[in-house]
2 protein chains.
Amino acid sequence: MVTTTMTETLTDSVQDYLKVIYELTENGEAASTTALATRLHIAPASATGMMQKLASAKAPLVEYRKHQGVKLTVKGKRAALEVIRHHRLIEAWLVQTLGYSWDEVHSEAEKLEHVISEEFEERIASAMGNPLRDPHGEPIPSADLVMPKDQGIALANLKSNQEARIQRVHAQDTDFLKHLEKLGLIIGARVKALEVSRYDQVMRIQLRGRKEAIALGPAITNRVFVEIL
Amino acid sequence: MVTTTMTETLTDSVQDYLKVIYELTENGEAASTTALATRLHIAPASATGMMQKLASAKAPLVEYRKHQGVKLTVKGKRAALEVIRHHRLIEAWLVQTLGYSWDEVHSEAEKLEHVISEEFEERIASAMGNPLRDPHGEPIPSADLVMPKDQGIALANLKSNQEARIQRVHAQDTDFLKHLEKLGLIIGARVKALEVSRYDQVMRIQLRGRKEAIALGPAITNRVFVEIL
DNA sequence: ATATTAATTTTGGTATACCTAAATTATTTT
DNA sequence: AAAATAATTTAGGTATACCAAAATTAATAT
């Protein structure tokens with residue numbers, strides 16, 4: 001008996017859709033076509049068209065009801081996690097073996113993630129000792145496509161005088177990441193919340209023994225996560 | 001004054017065309033659209049259409065006269081060498097840092113060559129100490145896009161009792177390369193021509209102290225090159 | 001409940017890069 | 001120099017993935 005691994009090939013574009021749907025539906029809610037369009041920098045109409053197509057395939061990647069948004073099917077989720085695993089392994093490996101910095105790796109990984117083979121994935125993963133997180137602290141799905149559960153809490157939710165360690169920065173913008181690095185806000189750094197002033201939307205924290213003030217705008221609030229010590 | 005590096009982006013498909021045209025025109029002759037089609041596994045008509053398009057651009061990549069074939073313009077040659085440099089650096093690097101064997105690297109490199117940045121090219125090149133040849137002994141164009149001249153001669157042209165070293169194998173087929181490796185016919189191996197029998201198209205050579213017979217078919221004749229000792 | 005506004009979907013189009021079949025041009029043979 | 005053959009080119013068509021504008025549907029406010 002022969003097992004056909006029939007790994008059908010998805011276009012780069014479809015892989016990008018799946019990746020974004022995965023992120024938008026992590027909270028359990030369906031993703032709207034508009035939200036998809038925004039994230040992918042395409043017109044809403046394009047997203048709608050693609051969802052109709054993906055949902056009407058013989059073995060659909062998404063479940064889609066008009067005006068209700070999309071969710072991934074089991075198959076779609078597997079495909080999305082495969083791409084995310086590629087992306088994060090590549091980022092880790094660009095940093096570890098080619099000396100890239102964490103603010104440079106995203107765009108390179110965006111391109112490479114679509115073209116590497118399973119062989120390549122396996123080789124870089126084992127060369128790095130099967131890392132669990134990428135350079136931004138994002139969890140890397142395992143080879144059998146399980147996403148590790150992440151128990152970090154948002155930096156912005158720390159109470160005064162709580163101490164924690166920076167675990168994950170959910171961002172890819174080069175300048176923003178460079179900015180955080182300059183502050184000392186890097187993965188693994190120890191941080192202590194000093195004062196959380198909800199009036200002026202500023203949080204004062206202690207980093208490498210120095211006081212820093214960070215604005216609690218959308219840039220930070222849902223992007224920096226910590227592990228309480 | 002600002003220098004705009006206007007590196008326009010070519011599609012993967014166009015890059016593949018240029019690479020093939022480069023190889024077909026290394027002998028100085030123009031490449032026919034049919035030859036292009038054969039190498040690229042497309043219909044002759046598709047090659048013709050693409051040549052018309054590339055030749056009629058504002059700054060054309062090829063020079064094309066109907067029924068006379070195509071040649072690269074200076075601009076086209078630069079673009080072709082850039083892709084070839086990417087391909088060969090990637091092959092070298094897959095072998096050196098990820099333990100790939102020489103018969104596995106071609107297809108992976110075919111995909112990666114189109115998506116890596118100049119930054120990436122530079123990093124892997126310097127990580128390897130700017131290698132001059134890829135794992136098949138093919139010369140790697142320099143960073144300023146000059147192809148090193150290669151003085152090897154065909155293995156099939158060795159005279160009886162001449163000794164040489166295997167310098168370059170111009171092939172990408174996995175099984176063929178595995179076959180050569182099994183014979184001991186690998187880059188750098190020392191070889192001595194014993195008898196060149198033009199009757200039965202067989203050449204007898206000595207490799208690692210053992211006698212081997214190789215058929216002088218199209219598979220070998222223009223594919224294995226040596227440096228005479 | 002109706003009107004207004006916002007979100008979504010449909011429609012008709014674009015560009016790329018391929019294809020097959022028919023027509024043309026070039027080359028070779030007689 | 002014709003005729004036959006081979007190579008090339010043109011013409012018309014496909015699929016993917018995008019777009020803008022119009023039409024529709026859903027949500028919100030009066």
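Being a predicted model, the structure only gives us computed values, none of them experimental. Here is the naming used below: chain letters follow the sequence lines, and residue numbers restart at 1 for every chain.
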Task: For atom CZ of A:Arg65 and atom C1' of C:dT9, their distance in whole Å - done: 16 Å
Open item on the list: In this structure, how many angstroms lie between the P atom of D:dA7 and the OH atom of B:Tyr64, rounded?
Closed with: 15 Å
Open item on the list: From C-beta outward on B:Thr11, which listed nucleotide comes closest to its side chain: C:dA17, D:dT25, C:dA26?
Closed with: C:dA17
Open item on the list: With a 4.0 Å cutoff (strictly under), does any side-chain N or O of B:Thr33 reach OP1 or OP2 of D:dA7?
Closed with: no
Task: Distance flag, aromatic centroids of A:Trp93 and A:Tyr100, threshold under 6.0 Å - done: no
Task: Atom of B:Val115, atom of A:Leu112 and distance for their closest heavy-atom approach - done: CG2-CD2, 3.7 Å
- [ ] Rounded to the nearest angstrom, tell me the gap between atom CE in A:Met50 and atom P in C:dT9.
- [x] 15 Å
Task: Rounded distance (Å) that lies between atom P of C:dA17 and atom NE2 of B:His114 - done: 12 Å
Task: Rounded interatomic separation in angstrom, taking NE2 from B:His41 and P from C:dC19 - done: 11 Å
Open item on the list: Test your reading of the model: is there a side-chain donor-acceptor pair from A:Arg88 to the backbone of A:Pro139, 3.5 Å cut-off?
Closed with: yes
Task: Phosphate contact (C:dC18 OP1 or OP2) by B:Ser46 side-chain N/O below 4.0 Å - done: no
TODO: Select from A:Gln68 and B:Ala45 the residue whose nearest nucleotide in DNA chain D is closer to the 5' end of that strand.
DONE: B:Ala45
Task: Residues B:Arg85, B:Glu121: salt bridge by 4.0 Å N-O rule - done: yes
Open item on the list: How many whole angstroms separate atom CG of A:Leu54 from atom P of D:dC18?
Closed with: 11 Å
- [ ] Figure out the NE2/P separation between A:His67 and C:dA7, and round it to whole Å.
- [x] 13 Å
Open item on the list: Using every non-hydrogen atom in the two residues, find where B:Ala80 and B:Tyr22 come nearest and quote the distance to one decimal.
Closed with: CB-CB, 3.9 Å
TODO: Give a yes or no answer on whether the side chain of A:Thr33 reaches the backbone of A:Pro44 with a donor-acceptor pair at less than 3.5 Å.
DONE: no
Open item on the list: I need the residues from residues 12-32 of chain B with at least one non-hydrogen atom less than 4.0 Å from DNA chain C; give them sorted by number, or say none.
Closed with: B:Ser13, B:Tyr17
Open item on the list: D:dT10, OP1 or OP2 - any side-chain N/O from B:Lys66 closer than 4.0 Å?
Closed with: yes
Open item on the list: I need the CG-C1' distance between A:Leu10 and D:dA17, as an integer number of Å.
Closed with: 15 Å
TODO: Please determine, for the side chain of B:Lys53, which listed nucleotide (C:dC19, D:dA17, C:dA17) has the closest atom?
DONE: C:dA17
TODO: Look at all strands and tell whether A:Ala43 reaches a base, only sugar-phosphate, or nothing, counting heavy atoms closer than 4.0 Å.
DONE: sugar-phosphate
TODO: Could you give me the CA-CA distance, side-chain angles and deciding distance for B:Leu18 and B:Val83, then say whether side chain to side chain contact (heavy atoms under 4.5 Å, CB included) is met?
DONE: CA-CA 9 Å; B:Leu18 296 177; B:Val83 183; 5.9 Å; no
